[in-house]
Protein chains: 2
Amino acid sequence: MANEKPLPQGRRRHQGVNRVTISDVAKEAGVAPITVSRALNTPDRVSAKLRKRVDQAVASLGYVPNLIAGGLASAGTRVIPVVVPSLSILTFIEVVHGIQQTLEGAGYQVLLGSTDFDLDREASLIDSVMGYSPSGVILTGLRHHDRTVHRLQTWGRPVVEIMELGTPCIDMNVGIDNIQAGACMAQHLLDRGYRRIAFLGVGMTRDYRAQQRFEGHRQVLAAAGIESNLLFASEEPSSYEAGRRVFLEALAARPDLEAIHFANDNLAAGALLEANRRGIRVPEDIAMGSYLGLSLGEHLTPRLTTVSVPRFEMGVEAAKLLLERLQGRTPSQPRVDIGYRLTVREST
Amino acid sequence: MANEKPLPQGRRRHQGVNRVTISDVAKEAGVAPITVSRALNTPDRVSAKLRKRVDQAVASLGYVPNLIAGGLASAGTRVIPVVVPSLSILTFIEVVHGIQQTLEGAGYQVLLGSTDFDLDREASLIDSVMGYSPSGVILTGLRHHDRTVHRLQTWGRPVVEIMELGTPCIDMNVGIDNIQAGACMAQHLLDRGYRRIAFLGVGMTRDYRAQQRFEGHRQVLAAAGIESNLLFASEEPSSYEAGRRVFLEALAARPDLEAIHFANDNLAAGALLEANRRGIRVPEDIAMGSYLGLSLGEHLTPRLTTVSVPRFEMGVEAAKLLLERLQGRTPSQPRVDIGYRLTVREST
DNA sequence: CTGTTAGCGCTTTCAA
DNA sequence: TTGAAAGCGCTAACAG
């Protein structure tokens with residue numbers, strides 16, 4: 001009978017961090033561990049009486065579920081990896097914010113990853129993050145490494161691709177049509193009567209969505225018989241400073257320019273502030289339009305005309321789509337066009 | 001002999017997502033699972049020959065470790081929860097960026113949480129996130145719920161508190177002295193000869209670090225025999241718009257004001273842009289100084305005088321401290337003053 | 001509605 | 001340097 005319990009006495013076999021476990025709670029409540037599990041995860045399946053006893057035991061012991069153990073057993077942690085190209089670009093931050101707020105409210109945690117616009121990095125990040133048995137995945141854009149697409153597609157859990165709208169997508173998709181957005185601003189500039197128009201962007205080899213906006217811009221101008229459009233494309237990331245510099249370069253190269261279509265508000269703001277400083281009048285001397293809808297744009301003088309995208313809402317929408325599937329429902333629309341709005345202000 | 005293998009035939013008992021496991025790799029390489037584990041985690045402890053065979057098997061099967069299982073067994077996932085008050089405040093984003101970049105490079109993943117400046121929310125977030133058996137934790141500020149402090153203190157794993165410097169801290173600490181930072185700008189304004197000075201901030205009940213800066217400001221002015229300082233304190237979050245509004249309110253209430261000390265660059269930028277629009281000359285009509293060192297400040301006219309804090313670097317430093325402990329070393333200095341710099345530009 | 005049993009995939013401990 | 005055995009803490013499956 002001495003051998004009945006083969007547990008080494010006096011210490012635990014594994015160096016388990018001596019936390020309160022589900023068994024402790026079960027003992028305290030006088031039920032089986034599985035009942036505690038059910039009382040916590042599917043309260044409906046437990047009688048009110050036991051549920052209450054369990055709740056009390058949980059409270060009195062300060063039990064906190066080990067989500068890792070639960071995740072291993074059920075092959076699904078409540079973790080959602082969110083993979084974006086960069087954390088230094090405000091756009092992505094705002095989207096992540098919307099995602100995070102929505103998911104956290106539903107009891108899911110965001111695991112943050114950034115790829116630096118590199119699809120190989122994205123692939124290996126997805127690989128490693130899949131090791132956490134996530135409940136779903138949110139990633140940026142529709143272009144990925146073949147391996148990533150395949151792995152995610154055969155995975156069988158919800159996946160949302162954000163920022164960009166199109167086909168094919170892995171599973172679900174929330175974003176906007178960048179070509180249209182670019183065309184929209186180009187058309188606006190044309191409507192305003194500008195003809196000598198340049199498109200200015202930086203880092204566009206990496207950010208193909210900006211290229212798409214340029215493509216939309218180009219098409220509209222071409223249709224109007226206008227060929228003259230520059231495209232500054234240094235490889236630095238967007239910033240006020242980059243905007244300032246490409247603006248000055250463009251001005252020097254094309255003194256006759258009437259309007260500039262910036263790839264995003266950061267560049268436009270940098271340029272506009274430089275124009276302020278130099279006494280260059282906007283839009284009289286040169287008009288400026290761009291893309292994003294940063295709040296800064298409303299506070300500049302002149303106020304910045306831009307194509308606004310609801311970034312926070314895009315994140316919320318992506319998270320909602322994911323949650324719907326996580327809760328076993330099927331979203332009526334697995335593809336959400338979050339839309340954009342031409343916000344005409346004073347700079348054009 | 002028919003009963004030798006009690007496995008239900010034809011299907012798995014648990015709905016294991018049929019991924020490649022360490023056993024598959026072991027079989028392929030002709031070794032025991034534990035050897036695969038060692039070859040992957042502590043390559044030094046495996047002979048070169050076996051290590052190579054394992055690597056090949058891993059590659060040919062496309063094995064990706066299940067970090068959840070590993071985490072359960074070893075009571076430590078490579079996850080680092082990072083808890084900040086808000087994701088809509090650029091400061092925290094930049095710190096998170098520094099953390100994320102540094103940790104990801106070392107093979108750790110950031111689990112993002114936000115508390116909305118609420119210590120109760122922080123406490124429950126920490127609780128739930130501890131369920132992931134994280135390898136360490138980074139959280140904001142030195143003030144926490146007692147339960148949080150206790151839990152983290154007895155936890156035995158690295159914890160870094162960021163943004164703010166002081167005692168006591170739970171484990172390690174990277175930040176700046178906010179009182180000093182506030183005093184620094186106040187002193188600068190005094191040195192410039194301004195006497196009728198207001199401190200303007202919003203949402204300061206929640207952001208006690210801004211209060212600390214105000215306290216530093218107040219002390220310096222008091223020492224100079226100056227009592228007159230306002231403190232606008234609506235409960236909204238900081239934004240350009242809020243800055244614009246409190247600026248106008250302050251001007252209306254105190255037309256004789258010579259200088260304004262803003263709680264942060266966002267407010268100051270909103271105010272400065274409004275001054276631009278109204279033709280109010282800065283610093284001739286009114287001087288402006290603030291706190292943060294956002295890049296926007298360099299592009300305004302006049303360029304914004306501010307107390308700059310290296311936010312990205314603060315994140316990097318916090319992550320480095322954590323990693324050092326994670327790698328078994330003891331940081332020489334568990335408390336890092338990341339410092340600030342008075343950046344005198346044109347607005348004062 | 002509740003309990004028993006058997007793992008989830010990995011790593012720790014212990015032994016060779 | 002390698003392996004066998006024993007769980008980490010939880011939940012799916014299968015009775016009762």
Side-chain angles (χ1 to χ4, degrees), chain A residues 5-8 10-27 29-54 58 61 63-78 130-133, chain B residues 5-8 10-27 29-54 58 61 63-78 130-133:
Chain A
K5 281 209 141 195
L7 281 176
R11 65 171 163 78
R12 306 173 79 99
R13 219 170 173 305
H14 254 51
Q15 62 184 56
V17 185
N18 250 3
R19 275 210 299 151
V20 180
T21 74
I22 203 169
S23 299
D24 299 326
V25 176
K27 230 164 279 167
V31 297
I34 185 67
T35 301
V36 177
S37 172
R38 283 197 272 250
L40 262 29
N41 299 318
T42 51
D44 305 343
R45 307 193 157 197
V46 172
S47 66
K49 200 183 71 183
L50 285 192
R51 202 187 316 143
K52 200 178 156 196
R53 270 206 277 159
V54 167
V58 165
L61 294 178
Y63 170 67
V64 178
N66 182 328
L67 300 165
I68 294 299
L72 180 57
S74 65
T77 51
R78 298 174 74 84
M130 292 300 279
Y132 288 106
S133 295
Chain B
K5 280 208 145 196
L7 282 176
R11 65 172 163 77
R12 307 174 78 99
R13 217 170 175 304
H14 255 51
Q15 63 182 54
V17 184
N18 250 2
R19 275 212 298 151
V20 180
T21 74
I22 203 169
S23 299
D24 299 327
V25 176
K27 230 164 279 168
V31 297
I34 183 63
T35 302
V36 176
S37 171
R38 281 198 273 251
L40 261 30
N41 300 318
T42 51
D44 305 344
R45 306 192 160 197
V46 171
S47 67
K49 200 182 73 185
L50 286 191
R51 200 185 321 143
K52 199 178 155 196
R53 270 205 277 160
V54 168
V58 165
L61 295 179
Y63 170 66
V64 178
N66 183 329
L67 300 164
I68 294 298
L72 180 57
S74 66
T77 52
R78 298 173 72 86
M130 293 301 278
Y132 288 107
S133 295

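First the proteins, then the strands, lettered A, B, ... as listed; each starts at 1. What's counted below: heavy atoms across the whole structure, side chains too, no hydrogens, waters or symmetry copies.
Heavy-atom distances to DNA chain D give each of I68(A) and S47(B) a nearest nucleotide, and the one nearer the 5′ end belongs to S47(B).
Distance, R51(B) CZ to dT2(D) P: 9 Å, rounded to whole Å. Rounded to whole angstrom, the span from the CG atom of L72(A) across to the C1' atom of dC10(C) amounts to 8 Å. A straight line from CZ of R19(B) to P of dC8(C) spans 14 Å, rounded to a whole angstrom. Atom CG of N66(A) and atom P of dG7(D) are 18 Å apart (whole Å). What separates CD1 of I22(A) from P of dG7(D) is a distance of 19 Å, to the nearest Å. Between D24(B) atom CG and dC8(C) atom C1' the separation is 14 Å, expressed in whole Å. In this structure, Y132(B) atom OH and dG9(D) atom C1' are separated by 15 Å, rounded to whole Å.
At the heavy-atom level, L50(A) lies under 4.0 Å from the strands shown only through sugar-phosphate atoms.
Taken residue by residue, residues 34-45 of chain A places heavy atoms nearer than 4.0 Å to DNA chain C at I34(A), T35(A), R38(A), D44(A), R45(A).
Rounding to the nearest 0.5 Å places OG1 of T42(B) at 10.0 Å from CZ of R51(B). Rounded to the nearest 0.5 Å, atoms OG (S47(A)) and CZ (R53(A)) are 8.0 Å apart. Expressed to the nearest 0.5 Å, how far CG of L61(B) lies from CD1 of I22(B) amounts to 12.0 Å.
The side chain of V46(A) has dT2(C) as its nearest neighbour among dT2(C), dG9(D), dG9(C). Of all nucleotides listed (dG9(D), dA12(D), dT2(C)), dG9(D) comes nearest to the side chain of A69(A).
At a threshold of 4.5 Å between non-hydrogen side-chain atoms, the residues L72(A) and I68(A) do not count as touching. Side-chain contact between V36(A) and V31(A) is present, with at least one heavy-atom pair separated by less than 4.5 Å.
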Begin with the C-alpha distance, continue with both residues' side-chain angles, and end with the deciding distance and a verdict on side-chain contact (heavy atoms from CB on, under 4.5 Å) for T77(B) and Y132(A). CA-CA 9 Å; T77(B) 52; Y132(A) 288 106; 4.2 Å; yes
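In terms of heavy-atom proximity, R19(A) sits nearest to M130(B) at NH2-O, 4.0 Å.
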